[in-house]
Amino acid sequence: MRIHHLNCGTCCPAGGRLFDGRSDGALAHLVCHCMLVESSAGLVLIDTGYGTRDIEHPHHRLSDFFLTLNNVQLRREETAVTQVRRLGFDPADVRHIVVTHLDFDHAGGIEDFPNATVHVTAREKEVADERQGGAFVSRKRYRPQQWNDAGKWSLYPMGGGERWFGFDAVRDLEGLPPEILLVPLAGHTWGHAGVAIREEGGSWIFYAGDAYFHHAEIGGEQYHCPPGLRGYQSMMEADRAARMANQKRLRALSLEHGEEVRIFCAHDVLEFELLSQQPVAGR
Ligand SMILES: [Zn+2]
């Protein structure tokens, strides 16, 4: 399986280093780390960032609150569909999309791939459709207009699957090879999940989505997160206890099995640059 790491959306919120821990100047930098996987079941997109329709109709598709707060850059060249074409593939051949959750910065590209089945936890789909009773953040974060036209969904339970390094995992994603696992990681949203992929040779990469936001939140005995990202995560959390517990488990996994499992999250620039071998535009 060949894995392409794609940044499908750059955000430059105010705050610089206080927000992201590393940017010089007044603005911070976050990516939307997605992956295109060349699998035995065809092309699989993991998370979708912002899509063509977000670029064309930002105020219909996205909330002004998050457009402003995150200073979303909306670059057509960063959409997954543009990058799939640039890699020499036909977007019609993307048959599967696995999304960690349905937040606006992960679901925006879904409708650019009309032939794809969308795989997500049932809980996430349910909460996103209901927008959880209309609370402020829920109404702004979940944008049903981003996925209403999606053709086919495959929904999965949050628990009761196989064990994977101590986590519950769904191994049999419909139509996907057994090397791609959905690993529920509730907290950021109720139905949030990570995606683990077994590489040739037996090691794993584990995309943790928004279970954490800064590389120094895992991988070391000492937890570190800059204040901006700490505040953003608190604002966005659906279940604080679950989020903290899952972050703790990820930190333990990174310390105990760092050789076998490479963990990364959706929005950290350093992790993206290391895995993609590409510098992030605009930095
Ligand atoms: Zn996100």
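Just so it is clear, the model here is predicted, and its values are computed rather than measured. Each ligand, and each atom within it, is numbered from 1 in the order the structure gives.
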Only one of Tyr142, Trp190, Tyr156 forms a side chain to side chain donor-acceptor pair (under 3.5 Å) with Glu124, so which one is it?
-> Tyr142
Is NZ or CZ of Arg249 both nearer than 6.0 Å to the six-membered ring centre of Phe167 and within 45° of the ring axis?
-> yes
What does the angle at the Zn ion (ligand 1) come to, between atom NE2 of His267 and atom OD2 of Asp210, rounded to 10°?
-> 110°
If you take all heavy atoms of Gly219 and Ser254, which pair is closest and at what distance?
-> N-OG, 2.9 Å
The Zn ion (ligand 1) to nearest N/O/S of [X] less than 2.8 Å:
X: His188; value: no
X: Asp105; value: yes
X: Cys32; value: no

Taking the six-membered ring for Trp and the full ring for Phe, Tyr or His, determine whether the centres of Phe272 and His215 are under 6.0 Å apart.
-> no
